[in-house]
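Comments concern the structure below.
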Amino acid sequence: MTDRLNVTVANGKYTYVQREDGSSTALRYGGNWPAFDMAPPDNLHHALAAEVQALRDGLQAIVDRADNGELGSSKVQDMRRIAAALLAKASQP
């Protein structure tokens, strides 16, 4: 089964996973998170994870576009550096 959404934050400490069947789980350091043994993550967790993923996707699109051809101005180059730095920080395991 594949994941519909898989977002890791806090330098790999927390992971939210929503599977294709709609079920979800939260992990802490990649393992079971006892806080969610009685009830799975709720809509708040899903909304936050989806927002993080959307922002990461947007930043990646900026970097990809900036890498496609001439940048043209120092302003665009600065925006690319900012986006790349944010993506690097957010993508750290």
Original post:
Is there a side chain to side chain contact (heavy atoms under 4.5 Å, CB included) between Arg28 and Lys13 once you walk through the steps?
Top reply: CA-CA 5 Å; Arg28 189 165 187 257; Lys13 185 174 183 179; 3.4 Å; yes
Original post:
For Ile62 and Ile82, what are the C-alpha separation, side-chain angles and deciding distance, and is it a side chain to side chain contact (heavy atoms under 4.5 Å, CB included)?
Top reply: CA-CA 10 Å; Ile62 291 169; Ile82 292 166; over 6 Å; no
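- Within the 4.5 Å cutoff, the side chain of Asp37 has heavy atoms near those of the Asn32 side chain.
- A distance of 8.0 Å separates CG in Asp21 from CZ in Arg4, rounded to the nearest 0.5 Å.
- Under the 3.5 Å distance criterion, with hydrogens and angles disregarded, a donor-acceptor pair is assigned to the side chains of His45 and Asp42.
- Nearest approach of Gln53 to Val7, heavy atoms of both residues: OE1-CG2, 3.7 Å.
- Taking hydrophobic clusters as Ile, Leu, Val, Met, Phe, Trp and Tyr residues chained together by side-chain heavy-atom distances below 4.5 Å, Leu59 does not share a cluster with Leu5.
- No continuous path of hydrophobic side-chain contacts links Tyr14 to Val17 [ILVMFWY only; heavy atoms under 4.5 Å].
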Subject >> Chi angles and distances behind the side chain to side chain contact (heavy atoms under 4.5 Å, CB included) call for Arg80, Val63 >> reply: CA-CA 6 Å; Arg80 187 208 175 279; Val63 171; 3.7 Å; yes
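- With values rounded to the nearest 0.5 angstrom, Asn6 atom CG is found 12.0 Å from Ser24 atom OG.
- How far OH of Tyr16 is from CG of Leu27: 11.5 Å, rounded to the nearest 0.5 Å.
- Here the straight-line distance linking atom OH of Tyr29 with atom CG of Asn11 works out to 9.0 Å at 0.5 Å rounding.
- Rounded to the nearest 0.5 Å, atoms CD (Gln60) and CG (Leu55) are 13.0 Å apart.
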